[in-house]
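Proteins come first, then strands; the chains are lettered A, B, ... in the order of their sequence lines, and each starts at number 1.
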Protein chains: 2
Amino acid sequence: MKSELCLTHILPIRDALDIISGKWKIPILTALCIHKRRFKELHRDVPGITAKMLSKELKDLEINGLVKRTVYETMPVSVEYAVTEYGHTLNPIIFALRDWGLKHRVKILSEDKVEV
Amino acid sequence: MKSELCLTHILPIRDALDIISGKWKIPILTALCIHKRRFKELHRDVPGITAKMLSKELKDLEINGLVKRTVYETMPVSVEYAVTEYGHTLNPIIFALRDWGLKHRVKILSEDKVEV
DNA sequence: TCTTGTGGTTTCCTAAAGGATACCAGTATC
DNA sequence: GATACTGGTATCCTTTAGGAAACCACAAGA
């Protein structure tokens, strides 16, 4: 049945979206995939994010085992965020999003030229 | 530089998220990828969606060239929605999300067993 | 002593996303 | 005559996401 097949595809997708949806989680993970970072570094490198959102999203990501938070007792303390091994299993999604975004931008730009 | 590299990865991802984010667009596209469908069929096959959201999301998807709407002058009229060729370029994202969602569910279930 | 940097928290607010319900015309079916 | 089907729209409402700005302790450097 078409409808049942549909469910077996949609339900896991909903599970994934529940965890990574929103404006910031994928961008944060993307930055951390390139290199682990400290809080203020992330704040600078993820354009437009506020400290409040960054803090909240990092907590969510840590709860779901995608990001690991490590505190170093320097003065002042430094806190390092890194993608966990499990977090790296999201790489195919991140790559697919980036790849599509790049192609989409090319498409939009070429359409603009035709219209003008 | 780490920060500039970061931008070249994050900006296209943001472009992609702008178009497909939200609770319903990917589930709708997933259903249509399996087979084209009429409005009421979609309403039944995408669990939990309201007619209002379905109508709105389909319009968004049509505007972005991901879905094609075709009206047949039957009695009563029937309207068919199908994924466009361009819409199918989202397949890698959809597959990656589904794949991860399935693995994630397995992981969660196995963790529950250990905890109990 | 003033600023800068560390990693955040707190409060207040707005905008957007999404849900519930009722409703529309027209036809076929019971 | 009532019901169910077609593909939606309109209205009202709640919830959530997200943003702005102020603030915290502590230490180093100018």
Side-chain angles (χ1 to χ4, degrees), chain A residues 2-3 10 13-32 35-64 67-83, chain B residues 2-3 10 13-32 35-64 67-83:
Chain A
K2 207 164 60 174
S3 306
I10 290 180
I13 283 177
R14 187 171 291 185
D15 290 342
L17 290 179
D18 280 346
I19 288 180
I20 60 168
S21 70
K23 190 172 175 180
W24 298 115
K25 291 201 179 67
I26 291 287
I28 291 170
L29 284 169
T30 304
L32 290 179
H35 199 280
K36 58 189 177 185
R37 276 176 173 79
R38 297 168 63 182
F39 187 88
K40 291 281 186 186
E41 289 180 299
L42 268 174
H43 193 193
R44 278 189 293 265
D45 293 345
V46 177
I49 196 167
T50 62
K52 176 189 140 190
M53 286 309 295
L54 181 54
S55 171
K56 186 220 160 207
E57 300 290 69
L58 284 170
K59 278 176 193 160
D60 288 349
L61 293 171
E62 200 191 352
I63 287 173
N64 284 306
V67 158
K68 174 125 171 55
R69 179 178 186 267
T70 313
V71 180
Y72 296 100
E73 294 299 341
T74 55
M75 277 304 168
V77 289
S78 57
V79 181
E80 193 176 79
Y81 292 93
V83 178
Chain B
K2 207 165 60 178
S3 307
I10 290 179
I13 283 177
R14 188 171 292 185
D15 290 342
L17 290 178
D18 280 346
I19 289 180
I20 61 168
S21 70
K23 190 172 173 180
W24 299 114
K25 291 201 180 65
I26 292 287
I28 291 170
L29 283 169
T30 303
L32 290 180
H35 200 280
K36 59 190 176 184
R37 275 175 173 79
R38 296 168 63 181
F39 187 88
K40 292 281 185 186
E41 287 179 301
L42 269 175
H43 194 194
R44 278 187 294 262
D45 293 345
V46 178
I49 197 167
T50 60
K52 176 189 143 190
M53 287 308 296
L54 181 55
S55 171
K56 186 220 160 207
E57 300 291 67
L58 284 170
K59 276 176 193 161
D60 288 349
L61 293 171
E62 200 190 352
I63 286 172
N64 285 305
V67 158
K68 174 125 172 55
R69 178 177 187 269
T70 312
V71 180
Y72 297 99
E73 295 300 341
T74 53
M75 277 305 168
V77 288
S78 57
V79 180
E80 193 177 77
Y81 292 93
V83 177

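Closest to the side chain of B:Met53, from the set D:dG18, D:dG8, C:dG19, is C:dG19. For A:Lys52, the listed nucleotide lying nearest its side chain is D:dA20; candidates were D:dA20, D:dG7, C:dG19. Closest to the side chain of B:Val77, out of D:dG7, D:dG8, C:dG19, is D:dG7.
Considering only side-chain N and O atoms, A:Lys23 lies under 4.0 angstrom from the phosphate OP1 or OP2 of D:dG19. When the side-chain nitrogen and oxygen atoms of B:Arg38 are compared with OP1 and OP2 of D:dT6, none of them lie within a distance under 4.0 Å. For the OP1/OP2 pair of D:dT9 and a distance below 4.0 Å, the side-chain nitrogens and oxygens of B:Ser55 include at least one atom meeting the criterion. In this model, the phosphate group of D:dG8 is approached by a side-chain N or O of B:Arg69 to a distance below 4.0 Å at OP1 or OP2. Applying the 4.0 Å criterion to OP1 and OP2 of C:dT9, one finds that A:Lys59 has a side-chain N or O inside that range.
At a threshold of 4.5 Å between non-hydrogen side-chain atoms, the residues A:Trp24 and B:Arg14 count as touching. Residues A:Ile10 and B:Asp45 fail the side-chain proximity criterion, which asks for heavy atoms closer than 4.5 Å. A heavy-atom distance below 4.5 Å is found between the side chains of A:Lys25 and A:Leu61.
Using a 4.0 Å heavy-atom cutoff across all strands shown, B:Tyr81 reaches sugar-phosphate atoms only and no base atom.
Taking the nucleotide of DNA chain D with the nearest heavy atom to each of B:Pro76 and B:Lys56, the more 5' of the two is matched to B:Pro76.
Between the side chain of B:Lys40 and the base of D:dG7, a donor-acceptor pair under 3.5 Å is found.
With a cut-off of 3.5 Å on both pairing distances, the Watson-Crick and G-U wobble pairs of DNA chain C assemble into stems of 3 or more at C:1-30 with D:1-30.
In this structure, A:Thr30 contributes its side chain and A:Ile26 its backbone to a donor-acceptor pair below 3.5 Å.
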